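Working notes for the structure below.
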Amino acid sequence: MAMLSAAVVSCLKDKQLPDEPRITASRLEIGAAGAKMFIGFTDGDGNFGLEEADTTGVFAECIRSWNLYAEYYELQNGIWTKIEIDPCDGPFPDNDVAFYYVIPWAKPTGQDQTQEGEIELDMGIWYLESEFDTVRYEVKIVDRSMNESNTVVLEPVIKP
């Protein structure tokens with residue numbers, strides 16, 4: 001499983017935003033120490049994020065134990081091909097490499113419950129070993145009500 005360090009900055013403003021989360025910006029930065037993914041987002045009702053105790057009810061289903069999903073694609077012979085990685089497929093899902101992450105809940109306070117911020121995700125493993133050298137991610141987030149955001153496609157990058 002990839003190491004995760006994420007920062008969610010919540011900026012409460014007097015705005016009218018939809019209850020569904022929305023990705024507003026995204027990028028992947030590759031450096032000598034690895035990769036960082038940056039995801040800008042908004043959520044109108046302020047319920048994006050998970051707490052450690054979120055392990056029952058709808059969160060008990062394996063696939064719902066994450067709230068940021070980065071689907072992995074490789075450019076194979078000129079065609080973007082999704083590489084299926086199912087972290088829920090075996091008795092030891094933590095041993096699978098998946099690009100799904102838990103982003104903590106930065107609970108809004110006060111009357112205005114909107115969330116607006118940027119997720120900074122330190123990715124452990126950010127690519128898979130294969131004969132193909134170009135990868136990209138398609139990213140979405142899901143809030144506590146299981147509302148899905150828009151899906152954004154990050155710029156392709158070449159593996160080292």
Side-chain angles (χ1 to χ4, degrees), residues 1-29 35-74 80-90 92-128 135-157:
M1 175 154 271
M3 295 296 292
L4 169 68
S5 119
V8 178
V9 178
S10 184
C11 180
L12 303 179
K13 297 180 181 178
D14 196 13
K15 291 184 177 180
Q16 292 294 329
L17 298 170
D19 288 348
E20 297 79 22
R22 177 136 187 92
I23 295 175
T24 58
S26 61
R27 71 185 186 282
L28 186 66
E29 292 182 1
K36 285 189 177 188
M37 185 181 293
F38 297 87
I39 305 293
F41 77 97
T42 62
D43 188 56
D45 60 1
N47 70 345
F48 172 69
L50 293 174
E51 296 181 298
E52 279 189 43
D54 289 331
T55 58
T56 61
V58 295
F59 307 114
E61 183 183 350
C62 179
I63 198 67
R64 292 299 183 193
S65 60
W66 296 279
N67 59 354
L68 187 149
Y69 302 86
E71 300 296 345
Y72 183 83
Y73 287 77
E74 291 181 340
W80 284 108
T81 304
K82 182 179 178 181
I83 307 303
E84 295 290 339
I85 306 168
D86 186 354
C88 301
D89 68 351
F92 305 105
D94 287 345
N95 292 336
D96 284 343
V97 173
F99 301 104
Y100 299 168
Y101 303 93
V102 174
I103 307 304
W105 191 12
K107 292 180 187 177
T109 58
Q111 289 183 325
D112 186 358
Q113 292 295 297
T114 59
Q115 287 175 307
E116 183 175 7
E118 181 176 72
I119 300 161
E120 178 179 333
L121 182 65
D122 285 328
M123 301 176 74
I125 297 168
W126 66 273
Y127 64 89
L128 303 176
V135 303
R136 75 172 191 206
Y137 294 93
E138 292 187 7
V139 179
K140 72 177 177 183
I141 59 176
V142 178
D143 70 14
R144 301 174 62 77
S145 299
M146 299 300 134
N147 294 316
E148 293 186 7
S149 73
N150 54 314
T151 299
V152 296
V153 178
L154 278 67
E155 290 291 320
V157 293

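Sequence positions, counted from 1, serve as the residue numbers for this chain. No experiment lies behind these values; they were computed from the predicted model shown. We use all heavy atoms of the structure for the numbers below, so side chains are in, but hydrogens, waters and symmetry mates are not.
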Contact check, side chains of N67 and I141, non-hydrogen atoms, under 4.5 Å: no

Check: N150 side chain, R22 main-chain N or O, donor-acceptor pair, under 3.5 Å: no

Shortest non-hydrogen separation from E20 to D43 and the atoms involved: C-OD1, 3.5 Å

Pairwise distance CD1(I23) to OG1(T151) - rounded to 0.5 angstrom: 7.0 Å

Partners passing side chain to side chain donor-acceptor pair (under 3.5 Å) against D54 (at least two apart in sequence or in another chain): R144

R136 CZ to L28 CG distance, which is reported to the nearest 0.5 Å: 13.0 Å

Min side-chain heavy-atom separation N147-P21 under 4.5 Å: yes

Side chains of R64 and V142 in contact at under 4.5 Å (non-hydrogen atoms): yes

Residue pair E138, K140: steps toward the salt bridge (charged side-chain N to carboxylate O under 4.0 Å, His left out) verdict: CA-CA 7 Å; E138 292 187 7; K140 72 177 177 183; over 6 Å; no

Aromatic ring proximity Y137/Y73, centre distance under 6.0 Å: no

T114 versus G44, closest heavy-atom pair with distance: CG2-O, 3.4 Å

Residue that, paired with F99, satisfies ring pair (Phe, Tyr, Trp, His ring centres under 6.0 Å) out of W126, Y72, Y127: Y72

Check: E71 side chain, K82 main-chain N or O, donor-acceptor pair, under 3.5 Å: no

Validation row: P87, Y100 side chains within 4.5 angstrom (heavy atoms): yes

Side chains of S26 and V139 in contact at under 4.5 Å (non-hydrogen atoms): no

Validation row: I119, F48 side chains within 4.5 angstrom (heavy atoms): yes

Side-chain (Y101) to main-chain (M123) donor-acceptor, under 3.5 angstrom: no

Worked check of salt bridge (charged side-chain N to carboxylate O under 4.0 Å, His left out) between E155 and R27: CA-CA 7 Å; E155 290 291 320; R27 71 185 186 282; over 6 Å; no

Min side-chain heavy-atom separation I39-I103 under 4.5 Å: no

Sidechain-backbone polar pair: W105 side chain, G46 backbone, donor-acceptor under 3.5 Å: yes

Q115 versus F41, closest heavy-atom pair with distance: CB-CE1, 4.0 Å

